[in-house]
Amino acid sequence: MNRYGLPTILTWGHPLFCLVPKNTVPVHIAVGAPLVLPKLDKPSKEDVAHWHNKYVSALTKLFEDHKEVAYGPADAKTMKLEVW
């Protein structure tokens, strides 16, 4: 499909509406403080890496602060956030 400029996406979820999550799977949402980023006209690779690291750090902190509430204390001890 990429030959035609269409992204290839694999989704799963509800059998009739694959973009809607199954109702048997719990969904937990946590909202953290906004991360204020500067507007850079021509960011260097170092700038991108710096701000990406700040984002990943904030995301990891948000996950660590809320994982016990979402998964329970026993499971939270072994849970790790994977950022790809």
Side-chain angles (χ1 to χ4, degrees):
M1 296 188 97
N2 285 333
R3 260 188 272 167
Y4 305 108
L6 299 172
T8 305
I9 301 171
L10 175 66
T11 60
W12 65 90
H14 191 276
L16 297 177
F17 307 102
C18 60
L19 295 177
V20 176
K22 293 181 179 179
N23 59 359
T24 59
V25 178
V27 177
H28 303 280
I29 299 172
V31 178
L35 184 61
V36 179
L37 304 174
K39 182 173 182 346
L40 303 173
D41 291 331
K42 294 184 180 179
S44 66
K45 288 184 179 184
E46 292 81 19
D47 291 332
V48 172
H50 171 76
W51 291 105
H52 179 261
N53 288 337
K54 286 212 179 255
Y55 171 75
V56 171
S57 296
L59 186 63
T60 303
K61 182 180 179 333
L62 183 66
F63 175 76
E64 292 296 328
D65 290 348
H66 293 89
K67 72 180 180 180
E68 193 169 307
V69 174
Y71 301 107
D75 291 333
K77 291 179 183 175
T78 59
M79 301 288 290
K80 285 190 160 185
L81 178 66
E82 293 182 24
V83 179
W84 297 3

- [ ] For the pair His66 (side chain) and Leu62 (backbone), establish whether a donor and an acceptor sit closer than 3.5 Å, ignoring hydrogens and angles.
- [x] yes

Task: Leu59-Trp51 co-clustered via ILVMFWY side chain contacts under 4.5 Å - done: yes

TODO: Identify the heavy atoms of Met79 and Asp75 that sit nearest to each other, and give their distance.
DONE: CG-O, 2.9 Å

Open item on the list: Which heavy atom of Pro43 sits nearest to which heavy atom of Asp47, and what is that distance?
Closed with: CA-OD2, 3.8 Å

TODO: Hey, could you give me the CG/NE2 distance between Leu37 and His52, rounded to the nearest 0.5 Å?
DONE: 11.5 Å

- [ ] Report whether Tyr55 and Leu40 are members of the same hydrophobic cluster (ILVMFWY, side-chain heavy atoms less than 4.5 Å apart, transitive linking).
- [x] yes

Open item on the list: With a 4.5 Å cut-off on side-chain heavy-atom distances among I, L, V, M, F, W and Y, is there a chain of contacts connecting Val83 to Leu35?
Closed with: yes

TODO: Working to the nearest 0.5 Å, report the span between CZ of Phe63 and CG of Asp65.
DONE: 11.0 Å

